[in-house]
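In this text the structure is predicted, and so the values were computed from the model without any measurement. Sequential numbering from 1 along the given sequence is applied to the chain's residues.
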Amino acid sequence: MRKNIIKKCSAIAAAALITSAFTAVGSNGAKLSYIHNAHAETTTVIEGVKTESAGGWNEMLYLVVSGIAHYDVTGVSYSGASNGSFSDEDLRYLVRDTDNGLRVDIPGLKAGNYTVTLTTSKGEFTESGISVSAQDRSGYAHFNYTDGVGAYTDSGELKPDAKVIYVTDENKDTVSVTSKDGTTVSGIGNILNSAGQDTGEGTCSNGSTVTNTNSGIIKKLAEDGTPLVIRIVGNVTAPYGLTAYNTTDFGGLKGDNGFMARMRSGKDITIEGIGTDACINGWGIHFICEEAAPEFGKSFEVRNLAFRNVPEDAVGMEGVQVNGVVTASVERCWIHNNEFYVPNIEKPAESDKKQGDGACDFKRGQYFTNSYNYYEGYHKTNLVGANDSNLQYNISFHHNYWKDCAARGPMARQANIHIYNNIYEHQTDVGQDSRANSYFFSEYNLFENCDDCTVIKSGGAIKSFNDAFVNCEHQTTGTVVESKTQAISNNNKFPDFDTNESLSYIPTGNYVLETDTSKLKANFEVDGGTMDENSTSPVIIDAAPVFVNGDINGDGMFNISDAVVLQKWLIAVPDTHLENWKAGDLCDDDELDGFDLCLMKKLLIGETDGSH
C-alpha cells in the first residue's frame, strides 16, 4: 500500500452500487457532503465488452472497460454537467491499456453526473450515471478570490485558451509549447526551468555559460494570458534542461542536489497527474515571483502527483524580499492531493541533504493552501519562511497526513497559519513549529505516537482548540482554549486573523471541518493523497443512504409520518427532530415552512406530481 493504510478507491463496479461518502460539518454547523460515486449503468452493450469499474474523484472521472484495447477506440465523448469530446492528443494520452482493462481518464469536469461514450471499431459503448464530486477549495489560496487557482476555473473546467501539454517518460524531451510571438520551446525541462535560459549574453542569470533553450517561455505565456496545464502520464524521470548537481549550470546553485525546474514569472499554471500512476521521479519544481515582474508568480496548482527520489525540493514557492519589504510576492498557490516520499541521496551536495531538502516549502508571499497531501519519512517537510526576517502570510494547512516524518509540520516564521484536520503519526522530532512571531490557529488535529507535538520559539504562538493527542511524549506547548473565538496574545502582523472575518474564512465557518478527530484517518483514506487504483470486483463499501424526496424523518420512505413530523416541527413541538430537513424542502427554496407542508400533503393524497 502506498500509504501503509487501506485507502478506499473511488470506483464503481459494473454491476454493483459502490458509494463512499465523506460528510463533514462546517464550523457554522452546515453539513458538507462529498459523494464520490453513484450507480454507473451500461446503457449500450457490445458483446464481450463490459465495464470493470468507473467513478468520479475531484472533478475527474475514469472508466475501465474490458474486451477492447486502446487501438479499438476512435473517439470519446462525455455529457452531463460538462460536455466535450477528445482531441487526437487526448485520445493518445488519456486512453491507455492497463492490467485491468482499457482505462479512460477525463480531467477538468464540473461536479455532477456524467455519461461517457466510447466510439470503437466494435461499435459504440456508453456508460452513464458516473458521479463526479467537487474539490474542497477551503483555505487561504481561494479566500476572496474567484479567478480560479492554476489553469482551472473554480467550477473545475479549463480556463479559456489554456494550453495542455501531456508529458510521458518517452516524450519528455520532445514536447513543445509556442507563445503568441511565435517562440517555440521543446522539452519539458527546457520549458519549465526558466533559471537555465540564456539571458542574451550566452549565460544564465547566475553567470553560468551552460544554458538551456527556455527563452523565457513561462513568462511569455503569462504575458499572453495563456493558462498552462502540464499533465504527467505515468512515471516521468528527470528531463534534460533542469538545474545541475552542485554547480551553477542550467541555473543551478553550489550546494544543491540539482534537478530542479525553476519556473519564473508564471501565472495560471497547473501541474497534475493523470489517473492513479502519475509520478515525478527524481526531479522537483519551483514556482518563483521575480522583482522584475511582480504581477506574475501568481496562481499555481500541483495535484494528483507522487514525488519520489527527488534530490532537492519536491515543490517550492518563493518571492523576493528587500530590506524587510516583500517586493515580489508569490501568491495564490494550491498544493493538494499529492504524495511525497523521502529520497535517499547517495552523494548529497551538502551533508544535511542526504534525504533531499523540503517536500513542500513556501517563502515570501501570501495566500497559500497545502491540503490533502501525504508525507512519508521526510525530515525537512514543510518550511514556511527561509529565515526569521522572511515575511509570508495567510496560509492554510488542512487534511494532510504526516507519517514517520521528523520535523517541520510546518516550521514557520512571521506567518499566520490556520492548521486543521491534519494527522501526525509518529512524528519523531517536532510537529508544529512556530517561530519568529508566527501565529498558528490549530484545531481538530490528531497527534498519534509523536515526540514533541508542538514547539514555540522566539516569539511564536499557537492557539490549540480540540486537538487530540494519543500516546504522545509531549503534548501541545501552545495555549489551549475552550472556545475558538477566544483571543490569545501573539506578535503576528495579523493577531486576530482567526476571529476577524475580514481577514479569514474562519469566523464565517466557510470551510470543511471534521469535528470528530477519530474519523480523520478514515476520511483521509477516501479523500487524501492521489487517486487510488481501481477495484475490479463487485463490492459495496459503506453504501450511503438513498435520498428520498419528502423523507424528512430519514426512514427511507415518504409517507404520512413525514408530514406529521414536519407539522410538529413547524409549531415547535418540543424534541421534534428532522433527520433530513432538505428532503422536506419541496419548494426548493432552502427554507422549511407551511408551503412545504401543503405541498407534502398534496403529494400524499395525489393532487400533484411534485413538479410544481
Side-chain angles (χ1 to χ4, degrees), residues 27 138-141 143 335 358 360-363 365-371 373 375 380-388 390-402 405 407-424 427 429-447 450-469 472 474-500 503-507 511 513-514 517 520:
S27 56
S138 301
Y140 263 119
F143 178 58
I335 313 302
C360 183
D361 296 346
F362 188 81
K363 309 165 188 173
Q366 60 179 339
Y367 298 115
F368 169 52
T369 298
N370 185 314
S371 58
N373 296 303
Y375 299 96
K380 299 180 182 179
T381 318
N382 305 115
L383 179 65
V384 178
N387 57 50
D388 285 356
N390 270 194
L391 304 176
Q392 44 280 314
Y393 301 107
N394 302 327
I395 294 168
S396 303
F397 280 80
H398 68 86
H399 297 92
N400 298 295
Y401 196 142
W402 289 272
C405 293
R408 300 186 181 181
M411 184 180 83
R413 301 167 170 110
Q414 303 297 338
N416 58 304
I417 306 181
H418 186 204
I419 307 180
Y420 60 98
N421 281 174
N422 299 290
I423 303 163
Y424 300 82
Q427 197 85 355
D429 190 359
V430 178
Q432 299 175 3
D433 190 338
S434 178
R435 305 184 180 190
N437 303 322
S438 65
Y439 173 34
F440 295 4
F441 174 40
S442 174
E443 60 172 336
Y444 294 102
N445 297 290
L446 174 62
F447 296 83
C450 296
D451 190 357
D452 287 315
C453 297
T454 67
V455 166
I456 297 172
K457 296 180 180 179
S458 59
I462 297 175
K463 183 172 88 171
S464 175
F465 178 66
N466 284 327
D467 290 326
F469 303 90
C472 294
H474 304 100
Q475 296 186 9
T476 184
T477 55
T479 301
V480 178
V481 297
E482 297 298 322
S483 168
K484 66 191 305 174
T485 60
Q486 181 179 333
I488 72 166
S489 176
N490 68 87
N491 300 315
N492 191 257
K493 178 180 179 180
F494 302 107
D496 62 341
F497 82 94
D498 52 326
T499 57
N500 185 338
L503 297 178
S504 79
Y505 51 86
I506 300 169
Y511 59 107
L513 180 66
E514 175 59 72
T517 55
L520 291 180

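Using a 4.5 Å heavy-atom cutoff, the side chains of Phe368 and Cys360 are in contact. Using a 4.5 Å cut-off on side-chain heavy atoms (C-beta onward), Ser438 and Gln414 make no contact. Taking the side chain as every heavy atom from C-beta outward, Tyr424 and Cys453 never approach each other to under 4.5 Å. Using a 4.5 Å heavy-atom threshold, the side chains of Tyr420 and Asp467 count as separate. Proximity of Gln392 to Gln366: side-chain heavy atoms (C-beta onward) are nowhere separated by under 4.5 Å. In this structure, the side chains of Lys457 and Ser434 stay at 4.5 Å or more apart for every pair of heavy atoms.
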Exercise for review: Would you sort out whether Met411 and Val384 count as a side chain to side chain contact (heavy atoms under 4.5 Å, CB included), showing the intermediate values?
Suggested key: CA-CA 6 Å; Met411 184 180 83; Val384 178; over 6 Å; no
Practice item. Before giving the answer on side chain to side chain contact (heavy atoms under 4.5 Å, CB included), spell out for Asp388 and Arg413 the whole-Å C-alpha distance, their side-chain angles and the decisive distance to 0.1 Å. Key: CA-CA 6 Å; Asp388 285 356; Arg413 301 167 170 110; 2.9 Å; yes
Point to revise | Audit row: Leu513, Asn421, side chain to side chain contact (heavy atoms under 4.5 Å, CB included) steps and yes/no | key: CA-CA 7 Å; Leu513 180 66; Asn421 281 174; 3.8 Å; yes
Check your understanding: Can you check side-chain hydrogen bond (donor to acceptor under 3.5 Å, both in side chains) on Tyr444 and Asn466, steps first, answer last?
Key -> CA-CA 5 Å; Tyr444 294 102; Asn466 284 327; 2.8 Å; yes
Practice item. In sequence, state the C-alpha distance, the side-chain angles, and the governing distance for Ile506 and Phe441, and then conclude on side chain to side chain contact (heavy atoms under 4.5 Å, CB included). Key: CA-CA 10 Å; Ile506 300 169; Phe441 174 40; 4.0 Å; yes
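At least one donor-acceptor pair closer than 3.5 Å links the side chain of Asn490 to the backbone N or O of Ile488. Checking side-chain atoms of Asn373 against main-chain N and O of Ile335 turns up a donor-acceptor pair under 3.5 Å. Side-chain N or O atoms of Ser458 include one that pairs as donor or acceptor with a backbone N or O of Ala436 at under 3.5 Å. Asp452 places no side-chain N or O within donor-acceptor distance of the main-chain N or O of His474, the cut-off being under 3.5 Å.
In this structure, Ser464 OG and Asn445 CG are separated by 8.0 Å, a value rounded to the nearest 0.5 Å. Once rounded to the nearest 0.5 Å, the distance linking CG of Asp429 with SG of Cys450 reads 11.0 Å.
Between Phe143 and Tyr367, the two ring planes are tilted [angle within 30° to 60°]. Ring planes of Tyr140 and Tyr505: perpendicular class, angle over 60° (limits at 30 and 60°).
Remark: Tyr375 pairs with Asn370, Asn382 by the side-chain hydrogen bond (donor to acceptor under 3.5 Å, both in side chains) rule, at least two apart or across chains. Looking at residues two or more places apart in sequence or on another chain, you find no side-chain hydrogen bond (donor to acceptor under 3.5 Å, both in side chains) involving Thr381. Remark: Asn500 pairs with Asp496, Ser502 by the side-chain hydrogen bond (donor to acceptor under 3.5 Å, both in side chains) rule, at least two apart or across chains. Applying the side chain to side chain contact (heavy atoms under 4.5 Å, CB included) criterion to Ala487, with sequence neighbours excluded, gives no partner residue. Applying the side-chain hydrogen bond (donor to acceptor under 3.5 Å, both in side chains) criterion to Asn492, with sequence neighbours excluded, gives no partner residue.
Closest approach of Thr517 to Leu446, counting heavy atoms only: O-CD2, 4.0 Å. Scanning both residues, Cys472 and Phe447, for their nearest heavy atoms gives SG-O, 3.4 Å. Closest heavy-atom contact between Ala461 and Ile456: N-CG2, 4.1 Å. The two residues Asn422 and Leu520 come nearest to each other via the heavy atoms O-CD1, 3.9 Å. Taking each heavy atom of Ala141 and Thr369 in turn, the nearest pair found is N-OG1, 2.8 Å. Nearest approach of Val430 to Gln427, heavy atoms of both residues: O-NE2, 3.2 Å.
In summary, Lys463 and Asp498 engage in a salt bridge, as defined by a charged side-chain N under 4.0 Å from a carboxylate O.
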Can I get a per-line list of side-chain donor-acceptor pairs under 3.5 Å for residues 475-482, giving both atom names and the distance, sequence neighbours left out?
from, atom 1, to, atom 2, distance (Å)
Thr476, OG1, Gly478, N, 2.9
Thr477, OG1, Thr454, O, 3.4
Thr477, OG1, Thr454, OG1, 2.9

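Ring centroids of His418 and Phe497 are separated by 6.0 Å or more, keeping the two rings apart. Residues Tyr393 and Phe494 place their aromatic rings such that the two centres sit under 6.0 Å apart.
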